[in-house]
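Taking it in order: structure first as structure tokens, then the write-up.
Order of appearance sets the numbers: ligands from 1, and atoms from 1 within every ligand.
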Amino acid sequence: MDKYDNYGELLSGVTALIEDDDDIISAMANTAAAIYNGVSGLNWVGFYRVKGDVLVLGPFQGKVACTRIARGRGVCGAALSAGESLLVPDVHAFPGHIACDSASNSEAVVPVRGCEGDIVAVLDIDSPILDRFAKTDLKFFESVAELFKKF
Ligand code: SME
């Protein structure tokens, strides 16, 4: 059961945080904190920003993480290449998964598009629980990513 009875309350809070912010890094920082503290069963939440063919570590909550991921590598790089969200029920079964935190067992990665429609980052959410994320969870993460179209 998530810390919030439903994602509506958490999405309202994140929406207010982002609407009140004119800086994408600051908005990412508060978004990572809000998700990490508002959704149960997570061990890492954060953003990787697109810099050419490389994802560069952005604001996050959790253990220290790898700072660069090449397009196409890992779950994050695969989501960037595909231009779509990825739900990974068991990271150990995902070829090329990059284990920043050995506690991670499932993962969701969502592309974040900017005001011009191009992917400017990915939102990466890790859980120590196998198969932690359902479609309702993914829909929430995608709704959060949508809020970054203002930047
Ligand atoms: N697991 C990700 C790498 C980022 S760390 O989990 C924060 C991947 O395979 O792309």
Side-chain angles (χ1 to χ4, degrees), residues 1-4 7 10-11 13-15 17-18 21 23-114 116-149 151:
M1 185 65 180
D2 296 291
K3 291 175 187 173
Y4 281 77
Y7 278 130
L10 185 54
L11 186 58
V14 174
T15 300
L17 288 169
I18 296 174
D21 208 331
D23 180 89
I24 191 169
I25 301 299
S26 174
M28 286 177 170
N30 258 340
T31 298
I35 294 172
Y36 191 76
N37 292 291
V39 177
S40 61
L42 306 183
N43 63 290
W44 202 93
V45 179
F47 292 86
Y48 278 88
R49 300 172 64 217
V50 176
K51 299 270 184 185
D53 275 338
V54 178
L55 288 167
V56 176
L57 181 63
F60 71 94
Q61 299 271 315
K63 291 186 177 177
V64 295
C66 56
T67 60
R68 302 290 187 276
I69 300 175
R71 183 184 295 267
R73 286 207 53 228
V75 184
C76 292
L80 173 61
S81 293
E84 55 189 40
S85 303
L86 288 179
L87 263 187
V88 181
D90 179 358
V91 298
H92 308 289
F94 188 93
H97 167 258
I98 301 168
C100 297
D101 181 348
S102 58
S104 299
N105 281 311
S106 61
E107 187 164 4
V109 179
V110 174
V112 177
R113 297 180 186 278
E116 294 179 4
D118 56 325
I119 300 176
V120 296
V122 296
L123 170 59
D124 180 22
I125 309 98
D126 286 25
S127 172
I129 303 162
L130 280 170
D131 202 13
R132 165 66 182 80
F133 304 113
K135 290 204 184 309
T136 49
D137 303 291
L138 185 64
K139 184 165 173 48
F140 166 70
F141 299 137
E142 290 174 338
S143 300
V144 169
E146 279 285 314
L147 298 168
F148 283 83
K149 282 187 173 167
F151 295 107

Determine, for Arg132 against Asp137, whether the closest basic-nitrogen to carboxylate-oxygen distance falls under 4.0 angstrom.
yes
Protein heavy-atom partner closest to [atom] - residue, atom, separation in Å:
atom                   : answer
atom 8 (C) of ligand 1 : Val75 N, 3.3 Å
atom 6 (O) of ligand 1 : Asp126 OD2, 3.1 Å
atom 5 (S) of ligand 1 : Cys100 SG, 2.7 Å
atom 2 (C) of ligand 1 : Glu107 OE2, 3.2 Å
atom 3 (C) of ligand 1 : Ile98 O, 3.5 Å

With a heavy-atom distance limit of 4.0 Å, tell me whether Ile69 approaches ligand 1 through its side chain, its backbone, both, or neither.
side chain
Residue-level breakdown please: for Val109 versus ligand 1, do any non-hydrogen atoms fall below 4.0 Å on the side chain, on the backbone, on both, or on neither?
neither
Glu146: side chain to side chain donor-acceptor pair (under 3.5 Å) partners, not counting sequence neighbours
Lys149
If you look only at pairs with a residue in residues 56-77, which of them pass as a side-chain hydrogen bond (donor to acceptor under 3.5 Å, both in side chains), with sequence neighbours excluded?
Asp53-Arg71
Minimum heavy-atom separation for Ile69 and Cys76, please, with both atom names.
CD1-CB, 4.1 Å
What about Phe141 and Phe133, are their ring centers closer than 6.0 Å?
yes
Between CG on residue Asn30 and CG on residue Asp23, distance to nearest 0.5 Å:
11.0 Å
Looking at ligand 1, does any of its N/O atoms fall within less than 3.5 Å of an N/O of Tyr48?
no
Quick check on contacts: which atoms of ligand 1 are under 4.0 angstrom from a heavy atom of His97?
1 (N), 9 (O)
Heavy-atom nearest option to atom 7 (C) of ligand 1, drawn from Phe94, Trp44, Phe47, Phe60:
Trp44
Val45, Leu17, Val144 screened by side chain to side chain contact (heavy atoms under 4.5 Å, CB included) with Thr31, the one that passes
Val144
